[in-house]
**Q** 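Sharing a structure, written as structure tokens. Questions coming.
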Amino acid sequence: MLIGNSAFSAELQKGVLAYKKKDYAAALQEFRPLAEQGNAVAQYNLGLMHLSGRGVKQDYKEAVKWFRLVADKGNSAAQYKLGVMYGIGQGVAKDNKQSLKWFLLSAEQGYADAQYNLGVIYGKGRGVPRDIEKAFKWFLLAAEQGDAAAQYNLGVMYANGDGAPRRYTSALMWWKLAAMQGHKSARKNRDVIERMMITADIAS
């Protein structure tokens with residue numbers, strides 16, 4: 001997602017507007033000088049352009065360079081991007097420890113996508129010892145921000161008693177919320193558990 005702020009310079013706003021109009025050459029013309037001057041928003045947006053190949057040749061290493069500059073300044077979106085890129089070896093050598101580091105920095109600032117990814121990492125033990133309680137914690141934080149995949153996973157955890165006591169009413173609640181956002185598996189599980197609760201008269 002491109003970022004911009006009305007408090008920033010007119011040049012930055014011109015770049016954001018050009019990008020939204022898909023005039024990537026014009027956006028690049030505005031962003032690059034600002035990025036080279038240390039403007040964090042321009043740096044992040046330039047990283048996105050190199051990541052996607054919009055207005056420039058796709059270059060993951062260049063994307064990493066710009067994202068790192070912004071991430072070091074505490075930008076949670078850039079930290080998340082670095083977490084992803086280290087996790088899959090995109091523009092950098094695959095490094096689970098670096099991926100975890102950047103996801104944690106982002107998640108601790110409340111970035112929902114990073115919180116969800118940490119839930120997956122701890123839930124599956126990817127590069128770390130499997131820790132179902134930490135997985136539950138991060139899924140819950142992301143779910144409370146409306147992340148449908150995290151809501152679905154919380155439903156599964158409550159239904160199975162993983163990371164939390166088995167509680168079908170809680171599973172149903174999270175699956176209903178995820179289903180409202182179009183999550184197909186959540187919709188299917190919601191229907192199954194509703195029928196089961198009616199049949200078995202489960203109140204827990």
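Numbers here simply count residues along the sequence, with the first being 1. Predicted model only: the values in this text are computed from it and were never measured.
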**Q** Given Lys81 and Tyr44, is the side chain to side chain contact (heavy atoms under 4.5 Å, CB included) satisfied, shown in steps?
**A** CA-CA 10 Å; Lys81 292 291 187 187; Tyr44 178 81; 3.7 Å; yes
**Q** Would you sort out whether Leu105 and Lys101 count as a side chain to side chain contact (heavy atoms under 4.5 Å, CB included), showing the intermediate values?
**A** CA-CA 6 Å; Leu105 286 170; Lys101 167 194 165 181; 4.2 Å; yes
**Q** For Lys188, I'd like to know if atom NZ has over 12 heavy atoms of other residues, nucleotides or ligands within 6.0 Å.
**A**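 Incorrect, the count does not exceed 12.
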**Q** What are the two closest non-hydrogen atoms of Ala171 and Ala159, and how far apart are they?
**A** CB-N, 3.8 Å
**Q** Is it the case that one hydrophobic cluster holds both Leu82 and Val128, taking links as side-chain heavy atoms less than 4.5 Å apart, direct or via other members?
**A** no
**Q** For the side chain of Gln79 and the backbone of Trp102, is there at least one donor-acceptor N/O pair under 3.5 Å apart?
**A** no
**Q** Hey, could you give me the CG/CG distance between Asp147 and Leu177, rounded to the nearest 0.5 Å?
**A** 12.0 Å
**Q** What heavy-atom pair brings Ala71 and Ala78 nearest, and what distance separates the two atoms?
**A** N-CB, 3.8 Å
**Q** Would a single hydrophobic cluster contain both Leu140 and Ile132, if residues Ile, Leu, Val, Met, Phe, Trp and Tyr are joined by side-chain heavy-atom contacts under 4.5 Å?
**A**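 Same cluster: Ile132 reaches Leu140 through Ile, Leu, Val, Met, Phe, Trp or Tyr contacts under 4.5 Å.
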**Q** I need the Asp95 CG to Leu100 CG distance, nearest 0.5 Å.
**A**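 Rounded to the nearest 0.5 Å, the CG-CG separation comes to 10.0 Å.
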**Q** Checking Asn96 against Tyr86 for the side chain to side chain contact (heavy atoms under 4.5 Å, CB included) test, could you report, in this order, the C-alpha distance in whole Å, the side-chain angles of both residues, the deciding distance, and whether it holds?
**A** CA-CA 7 Å; Asn96 288 328; Tyr86 272 108; over 6 Å; no
**Q** At what distance, to the nearest 0.5 angstrom, does CD of Glu144 lie from CD of Gln151?
**A** 10.0 Å
**Q** Search all heavy atoms of Val70 against all heavy atoms of Ala40 and return the closest pair with its distance.
**A**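 Residues Val70 and Ala40, closest heavy atoms: CG2-O, 3.6 Å.
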**Q** Can you tell me which residue among Tyr152, Phe136, Trp175 is in a ring-ring contact (aromatic ring centres under 6.0 Å, His included) with Tyr158?
**A**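 For Tyr158, the ring-ring contact (aromatic ring centres under 6.0 Å, His included) check succeeds only for Phe136.
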**Q** What about Val56 and Val16, same hydrophobic cluster or not, with Ile/Leu/Val/Met/Phe/Trp/Tyr joined at side-chain heavy-atom distances under 4.5 Å?
**A**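 Looking at the clustering, Val16 is in the same group as Val56.
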**Q** Tell me whether Gln109 contacts the main-chain N or O of Gly74 through its side chain, where contact means a donor paired with an acceptor under 3.5 Å.
**A**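 Yes, Gln109 side chain to Gly74 backbone: donor-acceptor pair under 3.5 Å.
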**Q** Show the numbers, then the answer: is there a side chain to side chain contact (heavy atoms under 4.5 Å, CB included) between Phe139 and Val120?
**A** CA-CA 8 Å; Phe139 281 141; Val120 173; 4.0 Å; yes
**Q** What's the spacing between Met180 CE and Arg187 CZ if we round to 0.5 Å?
**A**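 Interatomic distance, Met180 CE to Arg187 CZ, rounded to 0.5 Å: 11.5 Å.
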**Q** Quick check for you: to the nearest 0.5 Å, what is the distance between Asn39 atom CG and Leu12 atom CG?
**A** 5.5 Å
**Q** In a table with atom names and distances, give each donor-acceptor pair under 3.5 Å that connects a side chain of residues 57-65 to protein atoms at least two apart or in another chain.
**A**
{"residue": "Gln58", "atom": "NE2", "partner": "Leu51", "partner atom": "O", "Å": "2.9"}
{"residue": "Asp59", "atom": "OD1", "partner": "Lys61", "partner atom": "N", "Å": "3.1"}
{"residue": "Asp59", "atom": "OD1", "partner": "Glu62", "partner atom": "N", "Å": "3.0"}
{"residue": "Glu62", "atom": "OE2", "partner": "Lys65", "partner atom": "NZ", "Å": "3.0"}
{"residue": "Glu62", "atom": "OE2", "partner": "Trp66", "partner atom": "NE1", "Å": "3.3"}

**Q** Which distance, rounded to the nearest 0.5 Å, do you find between the CE of Met49 and the OH of Tyr24?
**A**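 Result: 8.0 Å between the selected atoms.
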**Q** I'd like to know if the side chain of Ser76 and the backbone of Ser106 have a donor-acceptor N/O pair within less than 3.5 Å.
**A**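 Pair absent, no side-chain N/O of Ser76 close to backbone of Ser106.
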**Q** What pair of heavy atoms forms the shortest contact from Ala148 to Ala178, and how long is it?
**A**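 Nearest heavy atoms, Ala148 then Ala178: O-CB, 3.5 Å.
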**Q** Answer yes if the side chains of Lys73 and Gln43 hold a donor-acceptor pair under 3.5 Å, and no otherwise.
**A** yes
**Q** Assigning hydrophobic clusters by single linkage (Ile, Leu, Val, Met, Phe, Trp, Tyr; side-chain heavy-atom cutoff under 4.5 Å), is Phe103 placed with Val92?
**A**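 Phe103 does not cluster with Val92.
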**Q** Between Ala26 and Ala18, which heavy-atom pair has the shortest distance, and what is it?
**A**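 Minimum heavy-atom contact is CB-CB, 3.9 Å.
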**Q** Using the rule that two of Ile, Leu, Val, Met, Phe, Trp, Tyr join whenever any of their side-chain heavy atoms come within less than 4.5 Å, decide whether Val192 and Tyr168 are in one cluster.
**A**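 In one cluster: no.
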**Q** Tell me, please, which residues at least two apart from Trp174 pass side-chain hydrogen bond (donor to acceptor under 3.5 Å, both in side chains).
**A** none
**Q** Any non-hydrogen side-chain atom of Met173 less than 4.5 Å from a side-chain atom of Thr169?
**A** no
**Q** Ignoring hydrogens and angles, tell me if any N or O in the side chain of Asn160 forms a donor-acceptor pair with the backbone of Asp162 under 3.5 Å.
**A**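 Judged by distance alone, no pair lies under 3.5 Å.
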**Q** Tell me which pairs pass side chain to side chain donor-acceptor pair (under 3.5 Å) where either residue lies in residues 113-138, with sequence neighbours left out.
**A**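 As it turns out, the side chain to side chain donor-acceptor pair (under 3.5 Å) pairs with a partner in residues 113-138, which skip direct neighbours, are Gln115-Gln145.
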**Q** Is a side-chain N or O of Gln90 found less than 3.5 angstrom from the main chain of Met85, in a donor-acceptor match?
**A**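 No; zero donor-acceptor contacts below 3.5 Å.
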**Q** Looking only at heavy atoms, which two atoms of Gln29 and Pro33 are closest? And how far apart?
**A** O-CD, 3.1 Å
**Q** Between the side chain of Ser99 and the main-chain N/O of Gly83, is any donor-acceptor distance below 3.5 Å?
**A**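 Between the backbone of Gly83 and the side chain of Ser99 there is a qualifying donor-acceptor contact (under 3.5 Å).
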